[in-house]
2 protein chains.
Amino acid sequence: MTALATPLRPRKQPVQARSAATIEALHTAVIQVLTREGLSRCTTTRIAERAGMSVGSVYQYYPNRDALLAAVLERHLSGIADAMERVCLDSRGLPVARMAEALVEGYMAAKLRDAGESRALYAVAGERGGFELAARVYKRIEAAVTVLLATAPDARFEDPAMTASIALNALVGPVRSILDGQATPAFEARLQGQLVLLLTAYLEAGRA
Amino acid sequence: MTALATPLRPRKQPVQARSAATIEALHTAVIQVLTREGLSRCTTTRIAERAGMSVGSVYQYYPNRDALLAAVLERHLSGIADAMERVCLDSRGLPVARMAEALVEGYMAAKLRDAGESRALYAVAGERGGFELAARVYKRIEAAVTVLLATAPDARFEDPAMTASIALNALVGPVRSILDGQATPAFEARLQGQLVLLLTAYLEAGRA
DNA sequence: GTAGCATCTGAAGAATCCTTCAGTTTTGGA
DNA sequence: TCCAAAACTGAAGGATTCTTCAGATGCTAC
């Protein structure tokens with residue numbers, strides 16, 4: 001809610017190799033505790049125990065619990081954004097139908113790669129700096145998609161930024177619904193087809 | 001996570017008029033504390049204080065904090081579902097383009113009517129019974145939309161249930177993005193137009 | 001091999017929180 | 001008017017949690 005930017009930053013950078021491993025263990029422990037216990041029981045003690053270290057070590061790298069959770073969320077979201085930016089670069093100049101395909105496949109792949117992680121972090125994204133963090137990362141992706149749309153040979157959009165925003169956000173809900181309920185690969189495939197249809201129809205209908 | 005159905009139920013029904021008022025005050029207090037303090041600081045004491053009553057009173061109606069939060073969330077979601085079911089009834093037999101309009105307008109109206117409430121409850125929906133509760137309510141809406149789609153004179157869908165699910169979930173993301181960032185009414189209107197375009201294009205493209 | 005920095009440990013203080021319950025106040029009907 | 005049931009009160013027990021810090025341990029460069 002308030003400006004918690006500074007105290008949400010990590011505390012120090014790893015110097016030796018083992019500390020990098022510690023941070024890694026910490027991050028995966030967060031995911032595990034989150035899925036097994038839920039956000040409210042995702043406590044520093046439990047995280048440390050799961051990571052096989054002492055509570056004190058946690059505070060060596062993060063000034064408080066929220067900073068740790070924010071770091072894990074940020075890494076996750078950054079990964080998604082990286083993947084999407086790559087997709088956008090690789091799809092420049094394609095017809096919009098192909099862009100739709102690429103965007104859907106890229107987003108689904110990125111989110112479903114570590115389904116557990118994605119699922120677990122939804123709760124974190126709904127609190128504290130989570131909102132702002134997620135919003136910032138989505139802006140990144142939106143910007144990339146906006147640029148991408150401008151390169152389409154078979155379409156020109158009146159307001160590419162808004163089109164990009166709608167297109168992206170339209171994927172969020174359906175993909176999350178897969179993650180919440182557990183879907184079979186077969187169902188996922190059908191759903192991917194439907195999402196491609198959704199985006200393609202929207203993009204083709206929306207060109208000026 | 002685990003089966004907490006029973007202890008999440010309210011504890012007793014109001015008999016006198018004042019107790020109904022108490023419950024009402026409790027619910028609005030939850031929303032207020034939620035928006036002002038966030039989920040983790042949305043404590044029984046703070047809620048009671050905000051509602052102008054003693055902590056004990058809270059436990060007269062709800063067996064625990066989670067049950068109270070679940071009740072508030074349930075009422076909110078039920079309201080959305082009611083509105084959407086009404087929209088579906090009122091739109092039977094219309095061409096799919098009109099259905100798309102009605103669905104978008106109905107959903108946006110329902111969610112934005114109490115924007116603060118919607119915003120506040122996203123956090124609650126991401127924890128505990130929130131998942132299941134939200135899933136259940138969305139199933140209700142999906143069912144209504146599925147039935148609605150079958151009445152379209154200008155389209156027949158191969159898998160109406162999936163089409164309904166995609167269409168609905170596609171609205172979730174964009175509308176939430178409005179709620180998170182604060183949007184001007186002008187922007188909301190433009191966005192509504194885009195969502196109508198999105199749904200219309202999808203439904204018209206998806207008819208068998 | 002050893003000095004010195006990097007990491008780790010984990011008990012303990014301080015702060016909340018959830019929930020209960022014995023007792024008080026209010027209400028509505030007889 | 002009066003009383004039994006309904007509501008409400010709020011201090012206190014029991015349980016967690018977050019965070020710190022003084023000391024132990026591991027690593028690496030010299």
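Proteins get letters first, then strands, A, B, ... in listed order; numbering begins at 1 in each.
Contact check, B:T44 against C:dC18: a side-chain N or O comes under 4.0 Å of OP1 or OP2. Contact between the side-chain N/O atoms of B:T43 and the OP1/OP2 oxygens of C:dC18 is found at a separation under 4.0 Å. The phosphate of D:dT16 (OP1 or OP2) has no side-chain N or O of A:T45 nearer than 4.0 angstrom.
As rounded to whole Å, 18 Å separates atom P of D:dT17 from atom CZ of B:R41. One atom, CD of B:E49, and another, P of D:dC8, lie 17 Å apart when rounded to the nearest Å. Distance B:I47 CD1 to C:dT16 P: 17 Å, rounded to the nearest Å. Rounded to whole Å, the distance from CD on A:E37 to P on D:dT16 is 12 Å. For the pair A:L68 CG and D:dT17 P, the interatomic distance rounds to 15 Å; values are reported in whole Å.
The side chain of A:Q16 has C:dT7 as its nearest neighbour among D:dT9, C:dT19, C:dT7. Side-chain proximity of A:R65 to D:dT19, D:dT9, C:dT9: nearest is D:dT19. Picking from D:dC8, C:dG10, C:dC8 the nucleotide with the shortest atom distance to the side chain of B:Q60 gives D:dC8. When distances are taken from the side chain of B:R46 to each of D:dT9, D:dT19, C:dT16, the shortest belongs to C:dT16.
More than 12 heavy atoms of other residues, nucleotides or ligands shown are found within 6.0 angstrom of CZ on A:R46.
Contact record, B:V58 with B:A48: CG2-CB, 4.0 Å, taken as the closest heavy-atom pair. For the residue pair A:A134 and A:L77, the shortest heavy atom distance occurs at CA-CD1, 3.6 Å. Of all heavy-atom pairs spanning A:C42 and A:R65, the tightest one is O-NE, 3.0 Å.
Among the heavy atoms of the strands lying under 4.0 Å from B:Y61 are primed sugar atoms or P, OP1, OP2 only; no base atom is included. Heavy atoms of A:S19 sit under 4.0 angstrom from primed sugar atoms or phosphate atoms, though from no base atom.
If you find the closest nucleotide of DNA chain C to B:R18 and to B:Y59, the one lying nearer the 5' end belongs to B:Y59.
Taking the charged nitrogens against the carboxylate oxygens, A:K139 and A:E142 do have a contact shorter than 4.0 Å, which makes a salt bridge.
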